[in-house]
Every structure is written in structure tokens, then in C-alpha cells.
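If you're wondering where the values come from, they're calculated on a predicted model, not measured in any experiment. Reminder, nothing fancy here: chain letters follow the sequence lines and each chain counts from 1.
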There are 2 protein chains.
Amino acid sequence: VRNVYVIGVGMVRFGKYPDLWVEELGRQAIQAALLDAGLDPQRLGVVYCGHSHQGRVAGQRALKQAGMVGLEVINVENACAGGSTAFRQAYLAVASGLYDLALAVGMEKMGGGLLPANPEDLDGLQGRTLPGHYAMKAQRHMFEYGTTIEQMAMVSVKSHHNASLNPSAQYQEEVTLEQVLSSRLVADPLTLLQCCPAGDGAAAVILASYDEAKKYSIPFIRAAGSAVRSGGFVKSGEDILASPLTRETARVAYEMAGIGPKDVNVCECHDAFSIAEILHCENLGFCERGEGGRMIQEGKTGITGSVAVNPSGGLLSKGHPLGATGIAQVVEIVEQLRGRAGKRQVPEARVGLTHTLGGAIPELEAGVCSVHVFIRD
Amino acid sequence: VRNVYVIGVGMVRFGKYPDLWVEELGRQAIQAALLDAGLDPQRLGVVYCGHSHQGRVAGQRALKQAGMVGLEVINVENACAGGSTAFRQAYLAVASGLYDLALAVGMEKMGGGLLPANPEDLDGLQGRTLPGHYAMKAQRHMFEYGTTIEQMAMVSVKSHHNASLNPSAQYQEEVTLEQVLSSRLVADPLTLLQCCPAGDGAAAVILASYDEAKKYSIPFIRAAGSAVRSGGFVKSGEDILASPLTRETARVAYEMAGIGPKDVNVCECHDAFSIAEILHCENLGFCERGEGGRMIQEGKTGITGSVAVNPSGGLLSKGHPLGATGIAQVVEIVEQLRGRAGKRQVPEARVGLTHTLGGAIPELEAGVCSVHVFIRD
């Protein structure tokens with residue numbers, strides 16, 4: 001397996017774009033990544049497009065908008081992990097030696113009302129949508145480990161602080177602990193500011209072999225580990241905090257990269273809810289099970305903490321346009337490892353990780369998890 | 001690039017299954033392919049699922065139905081070419097050396113009324129749906145080359161004859177030239193029996209490296225060439241019969257396989273309409289441009305002709321459940337090259353080809369074409 005490098009990244013600020021087609025959002029992200037790399041698009045070997053709700057051949061439509069026709073284009077769907085799955089396919093294309101240059105793009109325009117994710121999901125129709133499910137996890141975490149409502153709210157305060165330093169974030173205003181706690185209750189104990197927003201966006205990255213990467217004058221970052229796994233391990237009624245899907249996917253990616261969780265300096269994880277980030281910190285191995293609440297309270301996941309978690313603002317504040325999310329996570333990690341993250345720069349970041357979940361209730365149902373590890377050599 | 005072999009194939013008879021979920025159709029096809037190969041599913045490295053309208057993480061849902069959890073699963077969408085694109089991804093997974101065993105599954109349950117394919121397609125809303133577009137191509141072919149309505153209808157007669165010999169076909173009754181010509185007019189000159197039906201179905205194939213393939217006692221077939229390209233070359237108003245997308249995709253696949261069109265013994269092509277098969281015969285290089293009508297009239301595309309085209313019955317009679325179609329084409333070619341196609345066996349078939357198109361109007365819009373070549377060594 002060959003080494004693979006990210007040589008270009010680009011994204012459209014996440015937000016609401018009622019006047020733009022998704023193809024136009026995709027075009028902007030693709031051209032930003034090409035410009036970043038200084039790459040002639042004619043040299044691309046293959047394109048993977050991750051999205052969830054954008055209809056047929058959406059990738060081809062975005063590329064045509066960018067004036068790029070005749071390429072090999074594959075649309076990839078893996079629910080909220082569609083973008084990170086597209087990244088993995090582009091990674092494999094280059095790692096295999098079959099392609100020297102590959103583009104991964106993620107894009108999404110969200111309608112309203114995507115819950116329940118599956119309209120035939122009986123659990124969801126009766127209230128076990130994602131907010132309800134994560135609220136149950138939050139209640140259980142409070143019961144088992146003494147995690148507090150304030151600790152969960154601190155995740156959102158940190159998230160909004162980081163996003164206030166990120167020009168690509170959907171919400172760039174800081175919030176106080178009181179504002180988080182007093183915002184509208186969605187599913188007890190999760191308030192509105194502890195749930196990720198709906199929004200539109202696109203992001204793109206360009207991957208290259210070493211021989212190609214060294215032709216470009218920009219700093220490039222190695223994609224050192226990559227894994228995608230599907231869920232369905234856990235049966236209804238089992239431990240609601242068990243997360244074999246994230247744990248197993250992360251294990252594979254760590255092993256591939258030759259690192260462990262303690263080596264990670266910066267992480268973008270799937271913080272669709274405040275409690276989710278706490279759980280992911282445990283399941284990715286940044287702390288022991290039950291310790292996630294204390295970790296945020298002690299500032300260990302802040303930009304200058306032991307591991308910076310979601311310095312971009314994450315799903316909670318940067319936003320979560322489904323298919324775009326996983327690619328935007330890679331954009332953030334690459335910018336951090338390049339040392340180009342501006343006011344939210346994580347000091348001496350050398351190892352980064354992205355983590356994305358997809359599917360109605362990924363651990364329980366037939367969902368998906370992806371974890372990618374990046375290293376600045 | 002390593003050699004890749006098909007070691008297992010399976011499909012569900014195409015038809016209407018109002019009482020079955022798509023996950024169940026997928027499960028049946030997957031388990032048929034596993035049984036055909038004699039493969040323990042735990043040994044699979046990766047799964048690609050092609051579909052078009054089956055919602056989020058459909059592949060994971062079908063695998064869970066089959067009791068297969070924890071795998072790497074990627075859902076692939078490329079409109080009607082979704083199945084054949086999934087096949088290509090599985091091919092690349094093994095060819096790259098990254099995986100030794102890969103599964104590609106295609107599945108679809110069709111609602112009614114999928115035209116226009118894109119509800120915002122202004123051309124389609126005004127009548128330039130696929131039947132209208134192919135009817136215009138038919139009119140132009142008649143005008144330029146003297147192709148007759150009878151020649152086009154002969155494609156359907158052959159298709160239904162072949163399907164009458166195929167237990168997996170949706171329609172297994174022969175039709176006469178008169179029946180084809182007198183069926184309801186859909187878009188002049190195309191009658192109902194010259195348009196592919198709506199239906200449900202699923203198909204699956206298992207790909208393996210040589211070292212894996214030789215462990216299994218069944219005959220295995222080499223995937224020798226594979227290409228996917230996207231369209232958008234042709235501008236509105238240009239030559240409506242020009243097909244640079246199919247021609248370019250086929251050129252790449254032929255070159256990769258080290259063969260030319262005259263070497264092909266058996267072909268499954270995207271005959272969504274009778275005129276489409278005539279055009280594909282020209283564009284795949286089986287005859288010169290304008291000669292397609294005479295080719296069918298002279299019986300050259302029959303089971304005992306110079307190249308057997310759609311011995312399965314093709315989209316017109318075997319049926320066309322979108323994402324399942326491209327994989328089912330591979331199933332047919334593999335069975336033909338194994339010599340196991342029963343009453344529709346093409347004599348001495350050694351080289352086979354599949355051809356699939358996807359997208360609203362693939363040549364014109366942002367569609368997709370895939371061509372795969374198979375050789376019995």
C-alpha cells in the first residue's frame with residue numbers, strides 16, 4: 001500500500017443558501033481545493049462524491065458545473081458518514097497505486113424535517129429519533145458516572161467559542177453556559193444549543209501519491225490510517241453506552257497508522273449532540289469510560305488541551321450538512337496540521353483524527369462509522 | 001494491477017414484489033452468490049451496494065438482514081449504472097491488492113412514476129424524458145440510415161424470445177413482430193413493447209484474487225477490463241446520434257482487456273429501448289454507424305449470431321430494476337462464459353461484455369457509462 005497525501009483542501013462556509021443549487025456549492029468547494037493544490041483538473045484520475053439527499057448523479061452535476069466532464073465519478077452514500085466514506089474511496093484509489101490523483105467532495109443542501117431519518121422507522125416515529133436516543137444516553141451517563149448537565153453544556157460553550165474563530169463555521173457567535181442551559185429543551189436533558197443545526201455546505205480534498213505530492217509547493221499531509229465499518233452489533237436492551245462500532249473502527253485506523261489515542265493532538269469527531277462528544281472522547285480512547293464529562297470540565301479538549309476536540313466548532317457550531325461533514329472534518333485537520341488554522345490553531349499539532357457516524361442509530365441499527373488518521377511527517 | 005475473478009453469482013428473478021422489502025431481495029441475491037461460490041461471508045473484505053432509490057445505508061440494511069454485520073460497506077449511486085459502478089469498485093478493491101474478496105450487490109424496488117428522473121429537469125417536464133429522447137434518436141436513425149420500424153421491433157422480438165429461455169427474467173413469454181408494432185404507442189415510433197418495464201430485483205457477484213479464486217471448485221471467470229466515465233460531452237443541438245460517452249468508455253475497457261469489439265462473443269447492453277440496442281451495437285463497435293438496423297434484421301445479434309446481444313432478455317424483457325441491472329448483466333455474462341446458461345447458452349462463448357448507462361440523458365447531461373469485459377481463460 002502506497003503512502004497517500006492530502007495536497008489540496010477547500011470548503012464553502014456552512015450555512016443556509018436558499019438561492020444556490022447544491023451543484024454550485026459543490027463547484028465552489030472543488031475549485032477551492034484545486035486552487036489550493038494548484039492542480040490542473042484534467043490530471044485527476046477519479047472523483048468520489050459523498051452526499052445523502054441530492055438525487056441522482058449529483059457528483060457528475062457538480063463537476064459539470066465546474067466544467068469538468070468525462071471523468072470517472074462515483075457517488076457514495078453512507079448517511080451522515082457519506083463524505084468520510086468518499087474520502088476513504090479516494091484514499092484507496094491512490095493507496096492501491098491505480099490512481100495518482102483523486103478528488104473527494106462532499107456536499108449537501110438540507111430540506112427541513114429529516115427526522116426520523118427513515119420514514120418507516122417505527123422506533124423513530126415513536127420518538128426514538130437521534131435527539132431522543134442521545135438524550136437517553138445522556139441520562140444513562142449521568143446516572144452511571146455522575147456526569148452533570150453543566151458538563152454537557154460546556155461542550156457547546158467550547159464548540160461555539162472555537163467556531164467564533166472559524167470563518168467557515170455556520171454559527172460564529174460565542175454562547176455562555178447560561179445561554180446553553182436556558183435554550184429550548186429538545187429532549188431532556190439536551191437543549192437546542194446542544195443539538196447540531198441544519199444547514200447547507202460543501203467541502204473537497206485532493207489526494208495524491210508521494211511522487212505527485214512533491215510536485216506541488218504547498219505543505220502536504222499524510223493520510224496514515226483509514227477505516228470504515230458498519231454497525232448492528234448491539235441488540236435492543238443491551239448497554240446503551242456501549243459503542244463497539246466506534247471502538248472497532250478506531251482500533252483499525254490506529255493500528256494502520258501505527259499510533260494510539262494518546263498520540264492524537266487534534267480531533268474532529270461527530271458531535272451531533274453535546275453528550276455525543278463526551279462519549280466519543282471515551283470511545284476513541286482519549287479517556288476512560290465515564291471520564292468524558294470531567295475531561296471537558298477540566299479543559300482537556302480545548303484548543304490548548306491535551307487533545308483539541310472539534311477546534312473547527314464541530315457539528316454543533318460549524319454545522320452538519322450531512323455529506324459535506326466528513327470532508328470538512330478532513331479540511332480542518334489538514335489546515336491544523338499545516339499550521340494554517342489561524343486563531344484556532346492547535347499548538348504543535350502533528351497527529352490528527354476524524355471520526356464520523358452515519359445511520360439512524362448507528363450502534364444499534366445498520367449504520368456506519370469512519371475514522372481517518374493524519375500525520376504531518 | 002492483479003487479476004480479478006468472479007467466483008460467485010446470484011440473483012432474484014426480476015419482477016414485482018409488493019410484499020417484500022428491498023433488504024429481503026438483497027439478502028436473497030447475496031446469499032445465492034455466497035452459496036454459488038461456497039464462500040464463508042466472514043471472509044469478505046468489503047461490500048459495495050449499488051442502488052438508486054432505496055434510502056440511506058441500504059447496503060448495511062440488506063447485509064444485516066443476511067446476518068452480516070461489522071463489514072466495510074459502501075453504498076454507490078450512479079443512476080441506472082449504480083450496479084455496474086458498484087461492480088467496478090469491488091473490482092478495484094481486489095485489483096489493487098488491498099482486498100482478496102469483495103462483494104458487489106445491486107438492488108432496487110421501483111415505485112411507479114420515476115420520469116422525469118430529476119423533478120427539476122425542465123426538458124423532462126416538457127416531454128424530453130428518456131422515451132421521448134430515444135424516440136427522437138429513432139426518428140433520426142430512420143431518416144439518416146433508412147432504419148425501419150420493423151427492424152427496431154425485431155429487437156424486442158429477439159429480447160422476448162431470449163427471456164422466454166431465462167428463468168430469472170421478468171417477462172418470459174415470446175411476442176410476435178405484430179404484437180410489438182401494435183402495442184400502445186409511447187413515443188413515436190416506440191411502442192410499449194419497445195420500452196423496458198418497471199420492476200424489482202437484486203443481483204450479487206463475488207470477486208476474488210487468483211489465490212483466493214483457485215480455492216473454490218467452481219469455474220471462475222476473469223474480469224479483464226473495466227471502465228466508468230461520466231457524460232456531458234455533447235451540447236444541446238449537436239448530433240443526437242453521437243455517443244462519445246459509450247465509445248470512450250468502451251475504448252478504455254477494450255484496451256485494458258487487450259481485445260477489440262470483434263472478439264466479443266456475448267454482450268449485455270443497456271437496451272432500455274429497442275433503438276438503444278441498435279445504437280449500442282454501433283457504438284460498442286459491433287458494426288459501423290448506421291448498420292445497427294441491418295444487424296438485428298440479419299440475425300447477427302441472436303444467440304447463435306456473430307455476437308449474442310442480450311441473451312438474458314436484457315432490460316426490455318429481463319427487466320430493469322435500476323441498481324440491480326448492472327450486476328445482473330455480470331451474472332448473465334458469467335453464466336454464459338461458464339457454459340451454464342441452459343437453453344439460451346451462446347455457443348463457445350469465451351469473451352463477454354457488459355454496458356450500462358445512467359442519468360437523465362447520459363450523452364447530453366451529467367450521466368455515466370460503464371463497460372466491463374470478461375474472459376474465460
Among A:V73, A:N78, A:V252, who wins on heavy-atom pairs under 4.5 Å with chain B?
A:N78
Interface residue of largest heavy-atom contact number with chain B, from A:S52, A:G97, A:G55, A:A81, under 4.5 Å:
A:S52
Side chain proximity check, B:V76 to A:N75, heavy atoms < 4.5 angstrom
no
Portion of B:T85 that has a non-hydrogen atom of chain A nearer than 4.5 angstrom
side chain
Can you name the nearest heavy-atom pair linking B:E77 to A:V57, along with the distance?
OE1-N, 3.0 Å
Minimum heavy-atom separation for B:V368 and A:Q60, please, with both atom names.
CB-NE2, 3.7 Å
For A:E72 and B:S230, indicate whether the former's side chain and the latter's backbone hold a donor-acceptor pair under 3.5 Å.
no
Heavy-atom contact with chain B under 4.5 Å, split by part of A:Q65:
neither
Counting heavy-atom pairs under 4.5 Å with chain B, which one of A:R88, A:H51, A:M68 comes out on top?
A:R88
Counting heavy-atom pairs under 4.5 angstrom with chain B, the leader among A:L63, A:L92, A:V1 is A:L92
Please look at B:L98 and chain A and tell me whether the side chain, the backbone, both or neither of the residue comes under 4.5 angstrom of a heavy atom of that chain.
side chain
Provide the closest heavy-atom pair for A:A79 versus B:R56 in the form atom of the first, atom of the second, distance.
CB-CB, 4.3 Å
